[in-house]
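Everything numeric in this text was worked out from a predicted model, so none of it was measured.
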Amino acid sequence: MLLPAEGIRMNSTMDDINLIQQAQRHHLVVRELGEEIDLEIGHGDDDHSFANTPIMGGRPREHSAEDNDEVKNMMASSQFSNEEQDVPKTQPVKRKKKVVKRWREEWADTYKWAYVDVKEGTARIFCSVCREYGRKHRRNPYGNEGSRNMQMSALEEHNNSLLHKEALRLQMASKDKIVVDKTIYVKALMSKTAGSIVEAALKRDPHEVEFIQSVQEAVHALDRVIAKNSHYVNIMERLLEPERMLVFRVPWVDDRGETHVNRGFRVHFNQALGPCRGGIRFHPSMNLSIAKFLGFGQTLKNALSPYRLGGAAGGSDFDPKGKTDNEIMRFCQSFMNEIYRYLGPDKDLPSEEMGVAREMGYLLGQYRRLAGHFQGSFTGPRIFWSGSSLRTEATGYGLVFFVQLMLADMNKEIKGLRCAVSGSGKITMHVLEKLIAYGALPITVSDSKGYLVDEDGFDYVKISFLRDIKAQQRSLRDYSKTYARSKYYDEAKPWSERCDVAFPCGYQNEIDQSDAMSLVNSGCRILVEGSNMPCTPEAVDVFKKANVLIAPAIAAGAGGVVAGELELNHECNLLNWSPEDFESKLQIYQRALKAANDFGYQKESPEALVHGAVISAFLTIAQAMSDQGCV
């Protein structure tokens, strides 16, 4: 029997109200978006009564395995009067294990674009991007078709489907509908001309938060340079627009024969000084904003090296974790199919970055196959055809060499100092090795789930054990089961531990304002940036007020650039370098101090090295761009 149209509309309205009440009852934040409902999951665990409460209102009913029963019950409930709807609810039925799911913060955007509509007399939750009801394309891992969490489970599965992801990307590509969730922290600048550069970047790319942050840091460092010579305004505006941006799809097939699509990026930021060099990052958070910020930082870093090199960066939102070797190989081959024509020793050679290790071998193999000849090599670990790669060793060792030079200027040494290190990748391990070699006491490492502290400090045996743990993809928590004086802290960062020097080697913006305050209170006096842009602008302000010296990543991490070029020429012998050799060959530390001094930054200032490194790199690039004209 069909319901009258008025009854359907009334039922739909009641369902909408019930859905909102249900969302508020279970820690969901509800915002009106016209006719759409924006549902975002808040903090907290799943309410156990949620499994026994119908999503669309009406009285509780027993689990059913048939869709027809669900429709009949829903239609019957719509005929009850308001008095009948006030009948006390029955005792909750024990929830099935199949549908048990703990809500997590990572699902915050799951219901970002959802709305309620009536489908064949039954209220359903629809995706407002592709206008499909969740059950249209789903593999339901949470229970049978009649489970009481069916609607929400179906929508989650739908939102994880390739169809929805592609539709959501098209949605986000529309500038009219983009919502920037992160606030952009704007620093005050001395000159109006420098401010105009930041304003232009904000106007052009308002949604690229990471890139805007890196632009602000660079312009802030160049404030006095731009104020002194307005000619650099045009140079900076050209520099901030990459020469080439490649955005492409990467289709690949998993071991079950299912097709997946990821997005690939390669940004050739600037080649005024020479062919591009830069990393490839495989991580789910990878996007064009991160590729541009990495490429911009790499351009400045390469300009500080003794080699004439341009900057590039790229990668994909592909997550290598949990993938088999065959799946990774197929993805890498598909990735290389698109970008190989832009690579070569005189064009661009990629290097390893986050999420890229064994992947470099697959990338090089497919490049050689497509190019038809061996015209160079990529730098990375375990690549025996180009010699034993020392790029990561040089980056990690270079960080320790750089802090040695800073301490020498203060008539101090690193021996005996407590060092807090984040990350647990290759660079982190090489930092630990060199710190131990110079008598320092490294006490922490971390991963995405927490951090490990060893009050006795790490030694070479313990580092070997840590490497085995990471190679077997085990948790750092297993370390504390072997060494009693160590402890693993879940969902925490190592910056509250007492230390003299900090080495953030994890991810961008891993140190926020509260972390910076913890480091200052813990006695930290020097921070060496092992990762690109590890501090938020608010954290940098905290360090500046506390007179914490910062060794910028573009200067301290330049050892990897040099190692990569020496490797290509089969000249790499960095294992025997000392801090003095490092500085005599690179001369980055003295160049940064000289540039800072030329523009009025005192050697003792916490901003001296940061501003000096950016100034020295920019002036080198600006001279080349001026000589080559408007190209």
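A cation-pi arrangement is present between R224 and Y601 under the rule of less than 6.0 angstrom and at most 45 degrees off the ring axis. With a 6.0 Å cutoff to the six-membered ring centre and a 45° limit on the axis angle, K415 does not count as a cation-pi contact of Y438. Figure legend: K462 and Y479 shown without cation-pi pairing, the cationic atom not lying both under 6.0 angstrom from the six-membered ring centre and within 45 degrees of its axis.
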Please evaluate residues F335 and F282 with respect to the criterion ring-ring contact (aromatic ring centres under 6.0 Å, His included), reporting the C-alpha separation (whole Å), side-chain torsions for both, the decisive distance (0.1 Å), and the verdict. CA-CA 11 Å; F335 184 90; F282 291 161; 5.6 Å; yes

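To the nearest 0.5 Å, atoms CD (Q508) and OG (S285) are separated by 6.0 Å. Taken from NZ in K544 to CD in E607, the straight-line distance is 3.5 Å, to the nearest 0.5 Å.
Ring centroids of F618 and Y232 are separated by less than 6.0 Å, placing the two rings close together. With ring centers used as reference points, F458 lies 6.0 Å or more from F465. Taking the ring centroids of Y589 and F402, they lie under the 6.0 Å cut-off. Aromatic pair H283/Y507: centroids less than 6.0 angstrom apart.
Considering every non-hydrogen atom in both R277 and N302, the closest pair reads O-ND2, 3.2 Å. When all heavy atoms of G557 and L399 are compared, the closest pair comes out as N-CD2, 4.1 Å. When all heavy atoms of T299 and G311 are compared, the pair lying nearest together is OG1-CA, 3.4 Å. Shortest non-hydrogen contact noted between G344 and Y367 is CA-OH, 3.6 Å. Here the closest heavy-atom approach between residue V247 and residue L288 is recorded as CG2-CD1, 4.1 Å. L304 approaches R591 most closely through the heavy-atom pair O-NH1, 2.8 Å.
Look at E208 and K292 and you find a salt bridge, because one of the NZ, NE, NH1 or NH2 atoms lies within 4.0 Å of a carboxylate O, short of that distance. For the pair D500 and R418, the salt-bridge criterion is not met [side-chain N within less than 4.0 Å of a carboxylate O].
In this structure, the side chain of S616 does not engage the main chain of A613 through any donor-acceptor pair within 3.5 Å. No donor-acceptor distance shorter than 3.5 angstrom exists from the side chain of N509 to the backbone of D512, with no hydrogens or angles considered. Checking side-chain atoms of T428 against main-chain N and O of S422 turns up a donor-acceptor pair under 3.5 Å. Side chain of E243 to main chain of Q271: a donor-acceptor pair is present (N/O by atom type, distance under 3.5 Å, no hydrogens or angles). The main-chain N or O of V209 is never found under 3.5 Å from a side-chain atom of Q213 such that the two would form a donor-acceptor pair. In this structure, the side chain of N597 does not engage the main chain of L593 through any donor-acceptor pair within 3.5 Å.
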